[in-house]
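My structure is below; once you've seen it, I'll send some questions.
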Amino acid sequence: MSLIFRLAGNRLGQGHRLLLQDSNRVLNYVRPVTIKCTPAVAPLNESHDDRNARFNRPQSPHLTIYKPQLTAMMSISHRFTGLILTAYTVALSAAAIYLEFPLEFYIEKLKSAEIGAGSIYGLKFLLAFPLTYHFWNGIRHLLWDTGRFLTIREVYITGWTVLAVAIVSAAILSGMS
């Protein structure tokens, strides 16, 4: 109610005190509103698609109709690598707490097992790639936050560059002992 008086007072060009004393002036500027109460109607128990069919609404296209683009795939990959890195952190933390021996003991056991060098390199690469990809793509996003590399051509160039640098740096990390 005070909002109505304030708005009416601003419209009349007079102070609030005058409006409170002479409320008949306010009624000339405020439109009366009547609210009609109706009983609530129970919603139909139908699916989203059934409701859209009843209203003759067109079916919305899904992501599967679009051609995959580098930008979309890199965005999805960035999110997934973040989830993978989170899983690494949780798994290593749980291992540090719950395993009987220190983590180094299990790493030495893995090294002493007769697994081929190629398999070890592949496992290291699978562990290192999410880290390198997420790191380099995060740098790319930070550069975007400064307003750089935002044209379509530059976005694609930096996307392919991030992919190449992530693969190379994961390969280098995988070769280290």
Side-chain angles (χ1 to χ4, degrees), residues 3 39-177:
L3 178 63
V41 177
L44 297 174
N45 190 11
E46 60 185 346
S47 70
H48 175 75
D49 292 337
D50 292 338
R51 185 174 48 251
N52 283 342
R54 187 167 45 92
F55 289 129
N56 293 323
R57 294 177 180 158
Q59 186 70 15
S60 297
H62 197 273
L63 291 175
T64 55
I65 71 162
Y66 298 108
K67 177 183 166 190
Q69 296 178 349
L70 178 71
T71 52
M73 295 300 112
M74 289 191 75
S75 175
I76 293 167
S77 300
H78 189 78
R79 293 165 198 258
F80 278 129
T81 55
L83 290 172
I84 290 169
L85 292 174
T86 303
Y88 286 173
T89 304
V90 170
L92 289 174
S93 300
I97 293 171
Y98 295 113
L99 289 178
E100 185 177 350
F101 300 107
L103 201 54
E104 292 81 15
F105 172 79
Y106 296 101
I107 292 173
E108 288 302 320
K109 282 276 206 189
L110 187 63
K111 283 182 181 178
S112 67
E114 295 186 18
I115 300 175
S119 298
I120 295 288
Y121 182 82
L123 285 172
K124 284 182 178 181
F125 185 84
L126 286 176
L127 291 173
F129 181 72
L131 174 68
T132 58
Y133 177 80
H134 199 79
F135 175 78
W136 293 114
N137 203 35
I139 301 246
R140 177 179 176 227
H141 280 269
L142 289 174
L143 289 172
W144 285 351
D145 290 342
T146 64
R148 296 186 187 124
F149 307 116
L150 293 175
T151 66
I152 295 295
R153 183 174 183 274
E154 292 170 336
V155 166
Y156 275 86
I157 289 171
T158 57
W160 288 112
T161 303
V162 160
L163 211 53
V165 169
I167 290 171
V168 168
S169 57
I172 291 169
L173 285 174
S174 300
M176 302 171 88
S177 294

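Heavy atoms only: backbone and side chains are in, while hydrogens, waters and symmetry mates are out.
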Rounded to the nearest 0.5 Å, what separation is found between the CZ atom of R79 and the NE2 atom of H134?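 It is 10.5 Å, given to the nearest 0.5 Å.
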Any chance you could lay out the side chain to side chain contact (heavy atoms under 4.5 Å, CB included) test for W160 and M74, step after step, and finish with the verdict? CA-CA 10 Å; W160 288 112; M74 289 191 75; over 6 Å; no
Kindly assign one of parallel, tilted or perpendicular to the pair H141 and H78, based on the angle between their ring planes and the thresholds 30° and 60°.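 The arrangement is tilted - the two ring planes meet at 30° to 60°.
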What is the distance from atom CG of N45 to atom CG of D50, rounded to the nearest 0.5 Å?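 The distance works out to 10.0 Å.
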Could you work out, with side chain to side chain contact (heavy atoms under 4.5 Å, CB included) as the rule, every residue matching L126, not counting sequence neighbours?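 For L126, no residue satisfies side chain to side chain contact (heavy atoms under 4.5 Å, CB included) once neighbours in sequence are set aside.
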Please round to the nearest 0.5 Å and tell me the distance separating atom OG1 of T81 and atom CD1 of I76.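 Result: 12.0 Å between the selected atoms.
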For Y106, is the OH atom crowded, meaning more than 12 foreign heavy atoms sit under 6.0 Å from it?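 Check passes, neighbour count above 12.
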Run T158 and L143 through side chain to side chain contact (heavy atoms under 4.5 Å, CB included) and show every step you take. CA-CA 10 Å; T158 57; L143 289 172; over 6 Å; no
For the student: nearest non-hydrogen atoms of S174 and A128, plus distance: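 For S174 and A128, the tightest heavy-atom pair comes out as OG-CB, 4.2 Å.
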Report the distance from atom CG of L110 to atom CZ of F105, rounding to the nearest 0.5 Å.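 Answer rounded to 0.5 Å: 12.0 Å.
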Under a 4.5 Å cut-off applied to non-hydrogen side-chain atoms, are L163 and Y133 in contact?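 Touching, per the 4.5 Å side-chain cut-off.
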Heavy atoms of other groups near R148 CZ, more than 12 under 6.0 Å: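 No, not enclosed.
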Taking the side chain as every heavy atom from C-beta outward, state whether P130 and Y88 have any atom pair closer than 4.5 Å.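 P130 reaches Y88 side chain to side chain.
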Give a yes or no on whether the backbone of T71 and the side-chain of S75 come within a donor-acceptor separation of less than 3.5 Å.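 Side chain of S75 to backbone of T71: no pair is present.
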Please indicate whether W144 has more than 12 foreign heavy atoms, meaning atoms of other residues, nucleotides or ligands, lying under 6.0 Å from its CH2.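 Atom CH2 in W144 is packed in, count exceeds 12.
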Using modelled atom types and a 3.5 Å cut-off, is there a donor and acceptor pairing between side-chain atoms of R140 and backbone atoms of V155?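 Confirmed, R140 side chain pairs with V155 backbone.
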Rounded distance (nearest 0.5 Å) linking atom CH2 of W136 with atom OG1 of T161: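 Between atom CH2 of W136 and atom OG1 of T161 there are 11.5 Å.
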Nearest 0.5 Å, what's the CG-OG1 distance between L127 and T132?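 Atom-to-atom, L127:CG and T132:OG1 are 11.0 Å apart.
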Check whether more than 12 heavy atoms from other residues, nucleotides or ligands sit under 6.0 Å from atom CZ of R153, and answer yes or no.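 Open.
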